[in-house]
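Order of the sequence lines fixes the chain letters, A, B, ..., with proteins taken first and strands second; residue numbering starts at 1 for each chain.
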Amino acid sequence: MLAKPRLNSSKEQKGGRMSENTESAKVKKQEEISKSKTRRSGKRDQPTEASLNMAELRELAELVNEHGFTDFEFENENIRVRLSKMTAAPVMQAVNPISAAPAFAAAAPAAQTSAAPAASDEATQEDDLYKITSPIVGTFYRSPSPDKEPYVQEGSKVTPETTVCIVEAMKLMNEIQAETTGEVVKIYVENGQPVEYGQPLFGIRK
Amino acid sequence: MLAKPRLNSSKEQKGGRMSENTESAKVKKQEEISKSKTRRSGKRDQPTEASLNMAELRELAELVNEHGFTDFEFENENIRVRLSKMTAAPVMQAVNPISAAPAFAAAAPAAQTSAAPAASDEATQEDDLYKITSPIVGTFYRSPSPDKEPYVQEGSKVTPETTVCIVEAMKLMNEIQAETTGEVVKIYVENGQPVEYGQPLFGIRK
Amino acid sequence: MKKREIRKILIANRGEIACRIIWTCKEMGIKTVAVHSEADKEALHVRYADEAICIGAPPSAQSYLNIPAIISAAEITNVDAIHPGYGFLAESETFAKICEDCNIKFIGPKPHVIGMMGDKVEARRTMKAAGVPILPGSPDPIESADEAIRLAKEIGFPVIIKAAAGGGGRGMRIVRKEEDLAVNLETAQTEALAAFKNGAVYIERYIERPRHIEIQVLADEYGNVIHLGERECSIQRRHQKLLEEAPSPVVTPEQRDEMGAVAVKACQEIGYSSAGTFEFLLDEDGSFYFMEMNTRIQVEHPVTEMVTLADIVRNQIRIAQGEELGFTQEDVLIVGHSIECRINAEDPEKFTPSPGKITAFNIPGGPGVRVDTAVYPGYTVPPYYDSMIAKLIVHARTRELAIARMRRALEMMVVEGIKTTIPLHIKIMNDERFQKGDFSTKFMEEFQH
Amino acid sequence: MKKREIRKILIANRGEIACRIIWTCKEMGIKTVAVHSEADKEALHVRYADEAICIGAPPSAQSYLNIPAIISAAEITNVDAIHPGYGFLAESETFAKICEDCNIKFIGPKPHVIGMMGDKVEARRTMKAAGVPILPGSPDPIESADEAIRLAKEIGFPVIIKAAAGGGGRGMRIVRKEEDLAVNLETAQTEALAAFKNGAVYIERYIERPRHIEIQVLADEYGNVIHLGERECSIQRRHQKLLEEAPSPVVTPEQRDEMGAVAVKACQEIGYSSAGTFEFLLDEDGSFYFMEMNTRIQVEHPVTEMVTLADIVRNQIRIAQGEELGFTQEDVLIVGHSIECRINAEDPEKFTPSPGKITAFNIPGGPGVRVDTAVYPGYTVPPYYDSMIAKLIVHARTRELAIARMRRALEMMVVEGIKTTIPLHIKIMNDERFQKGDFSTKFMEEFQH
């Protein structure tokens, strides 16, 4: 199904456990999968035996979603897949004491101080972007000082050495470099906002 | 395919009714899966393969959904699949649908006094039989007194009025009638053994 | 000294109290037998016990109130004793008598004592004779409206009409004016007859703003009796306790000694043995009056256990074994403050039952928090029985700290899938009058929620 | 009196102690900020806290020991204070100093006191000066083998060589004969250097069968100091405590008073504030010797909380707010007996760590049982940190009853998916010597499991 070896092995399956109907459905899906593989094979993302391509993943997600599952995991010796749907957790700070429960229930971390703008619609597009994340906890500044221009804007081209922002921690101004080449497509954090370790700061299209 | 390993693993659990109780819901559902699969394909279950294709997954999802599962897992040396539909707290629930059940089973296996026949192998054959169950708690006697012949034997024909045994409770001898017509195929309890309410005493083929 | 050793106990109950009894049995090395209805096959008491027997169909009358089934279960499992818990058969003289006849130790007082305290008129008469203050009122069931009027004038209005066999508010009527008496008498008698198959009612003085204060006693079979102080149980809704405390925020050490001494003396007079509770009404002027005696363990016993460190169930079993109490009133310490909140599977606003599957369940931990429950994640609360699913109990140095701790514990307790009274308890913890300890049994009527 | 009000606390720790601190903060109405590594995103302290900040990669050095990250987190969340818990930065003079410099209250004693007690040689010297009995031994680090031999002869064999900066058994050597001294001295110095970047070692008398007894103290900033009695911590494996009790089965009230008075006086001498612990070796003849002082909350603090009803974390925070203790030694009661078992994610035979996913988890309830844990069903124990996943604590009237209760609680505690030390603790509860209280720090070496 999801990766080649398994497609093969399922084809090799003897005794046709499935009825005719499901068998043909399988063939159809496999065609779709091979199409998407071809499409992507032109890119650097050459499908390896143990990999999973986007189309397959999308199909899988649709499938799981369509049936209202919130969690899916798949794993074999080559691959492991897990899909889980975390509903946006009500924040624990709410006055209603019961709010502890939903927050607990949703398996989401507590209110993050530095709440990154979630933008879940755009999430799929942004998945392609390279993320510059904060290597330290601190306060995010886009320019060297309040009266200066920001280091970068949306649309700016960066090289690995380009300073993209400052994260202030313990009165120290830490210049953050892009560490990649590309174009700034997205800025996730407002000037002056606190950021935590690993928090995405910029989205870069390579 | 999917049901078998789980059925096996539940059989591997320590004896006693405890594990049966806690596993019963699961086992029952899985039997449904295997039945419905058998029905669709018209064949017996094949040994588990190391893979799962998209159509199979779709079928699986539909199947699990259709049967109202909230959680599904599958795993063998090659493959592991889990589907879950959690309405509430993923964290507070164990992966298992009845998270506490196996835990408590393992911790405090309440040895059932009236050892009901566990025999899950035979369960399928015996499912067809009409069960005469004990309407009261007490001690099971097959004959009116120790020196008399049993009321019925395997192979005896019974009518609704036939007395099949006595259950003694509080020094009172309660004669139990068959309440159906048929042949005694199975006697589940030894003479002189304690029985609980609702415990199967005889299996009757109508 | 053990007159008779108890090696195996059948627990004729379900839910948290069945688990509670199993905990102590395990600590004492005593084997346990759980009985259960068909609806309780997955219940925790069934899993925790050493043996389990299904005794009948889901309705209580066919299972937990089914005496022949329970006795049969006791006989086939060869138990030495039966612990009745609370509710169900805990105060059935008949059941206690049958146990005795079958040579099974009933863990509780003698059957005739249960019977005596079960009849309110007789209990009142007995207690009066034992020197326990009782509310001015009729010594015997009221026969006629004329007698009622004469008595009420003597006692002074308002008065309350109560069912002799009653409980839970049924057959109760408050009468403030002479002209309302006759009709209320009749209604009360009808209600009492319907509810308890006994139409006898009596009259006593009605206290406008009483507190419900109860004294926990422990008595052995040799006349040694001690009390473990009081519990404050004024927070009730329709005569059902919602939360309890020990000690009471208003009872002074002198009042405690006085009420305790009265209860201890009464136990000695009536030949009481086992754990028991004297329920008193405490008037605003400090006088107190006997209401009734519960001849069994109470739901709210944990608050007493927290502040005294006594294990009441253990003492019940020890006494049933014919052991002496082994300690005196001087050994009883009351340390800190304890509160219990009853977590019911109910809508916290409307109090309608909310049975169903518990999808998520998390118990708060940490210092001074105790949870008595038979619930676990995935458990389905059956619709057949009491709605209480857990008791959340805290203990702290002071009442103020106990309230803060209870609020924290309530906020951290997670029960999903059904409605519970947790939000109501949080509101009570945040209520200024509750915090001040300024309340009576009217608290819930006056409470804004 | 509050010199400075604490409204928000950052907890520079993880696991059960982080939850423990959150519980008390909630009871005090103080907001909490959790910090966590990338491995702890799903941890309970992260969920329970009002705010949470990821401070680094899973290894402790990059997260829970990462001072700049923690201070930054404190600054961006604008907290008033940092509670360090135990382990990690709890006894870092540097960290306490940086907090002070950043105007964040470090919940603990003054930095220089932490530093003083962190250096064993200096601590020993200071304590000796404050009148605390110390083992006969070298006042200063040993410079040469000759000096060691001269000293050892003076003290008398056996002697023990210890690392000045040490802990956890590293850099320790027991020497019974003069001829073994030189080589062991060298090894100890090498080990100490490798483990603590400080090769200084000292020598003292070695006691063959000591008990590890520690005294819990509370000291405010105004010289008011009290002690909360002792804890018995002799059940250790390779200098790691496995279970603790309060009170000790052998310490008499007179010994308690004596050890307590010594600890209180020492705190006053060194200007100690906050909660702290004096670890003593108690010899079979009743004499006791200072080992070290822990300038932080201990893992085993709950047993003291159970028997005294004091909330030690609350007192730490109150003291940090500049409040006075508000009670005296006479107010301290020790009621009943408490035992704590450390439940570690370890093979109970081989003690090898057993991280992984917990598939089922059930906490025992009922009277006298407390569980401090950050674990829940489905939680994955990460391999990066301490293996302790829960502390199971019981309280009962007597030690015998506490042991019975602990056995019951251990048997009813369910942890599936990983191995734990529960089976080992059950064996200890069933051990006759443990039950008699007849043991020393050698117990586990001699224990048959």
Among D:Leu401, D:Ile393, D:Ile363, who wins on heavy-atom pairs under 4.5 Å with chain C?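 The answer is D:Leu401.
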Taking D:Lys391, D:Arg314, D:Glu16 one by one, which has the highest count of heavy-atom pairs under 4.5 Å against chain C?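 Between D:Lys391, D:Arg314, D:Glu16, the count favours D:Arg314.
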Check your understanding: Are D:Ser338 and D:Arg370 linked by a side-chain donor-acceptor pair shorter than 3.5 Å?
Key ->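 Per modelled atom types, D:Ser338 and D:Arg370 side chains form no pair under 3.5 Å.
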Is it true that C:Glu330 and C:Thr328 share a donor-acceptor pair across their side chains at a distance under 3.5 Å?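 Checked: C:Thr328/C:Glu330 side chains pair up, N/O donor to acceptor below 3.5 Å.
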field: By side-chain contact (heavy atoms from CB on, under 4.5 Å) - contacts of C:Lys31 (at least two apart)
entry: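 side-chain contact (heavy atoms from CB on, under 4.5 Å) check on C:Lys31 returns C:Lys8, C:Asp50.
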- request: Could you pull out all residues at least two apart from D:Glu27 that satisfy salt bridge (charged side-chain N to carboxylate O under 4.0 Å, His left out)?
  value: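 Counting only residues at least two positions away or on another chain, D:Glu27 forms a salt bridge (charged side-chain N to carboxylate O under 4.0 Å, His left out) with C:Arg405, C:Arg408.
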Please round to the nearest 0.5 Å and tell me the distance separating atom CD1 of C:Ile6 and atom CZ of C:Arg318.
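Here the interatomic distance stands at 11.5 Å.
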Check your understanding: Between D:Ala396 and chain C, which part of the residue has a heavy atom less than 4.5 Å away: side chain, backbone, both or neither?
Key ->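 Only the backbone of D:Ala396 comes within 4.5 Å of chain C.
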Worksheet item: With a 4.5 angstrom heavy-atom cut-off, which part of D:Val335 approaches chain C: side chain, backbone, both or neither?
Response: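 D:Val335 touches chain C through backbone and side-chain heavy atoms alike.
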With D:Tyr86 via ring pair (Phe, Tyr, Trp, His ring centres under 6.0 Å) - residues at least two apart: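 Residues passing ring pair (Phe, Tyr, Trp, His ring centres under 6.0 Å) with D:Tyr86: none at all.
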May I ask you to check if C:Arg20 and C:Tyr48 form a cation-pi contact, with NZ or CZ under 6.0 angstrom from the six-membered ring centre and within 45° of the axis?
->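 Here C:Arg20 fails the 6.0 Å and 45° test against C:Tyr48.
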Inset, instruction - May I ask you to list the residues in residues 301-308 of chain C that approach chain D closer than 4.5 angstrom, counting heavy atoms only, ordered by number? - result: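 The stretch touches chain D at C:Glu305, C:Thr308.
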Exam field: side chain C:Asp431 to backbone C:Phe434, donor-acceptor pair closer than 3.5 Å: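 Yes, C:Asp431 side chain to C:Phe434 backbone: donor-acceptor pair under 3.5 Å.
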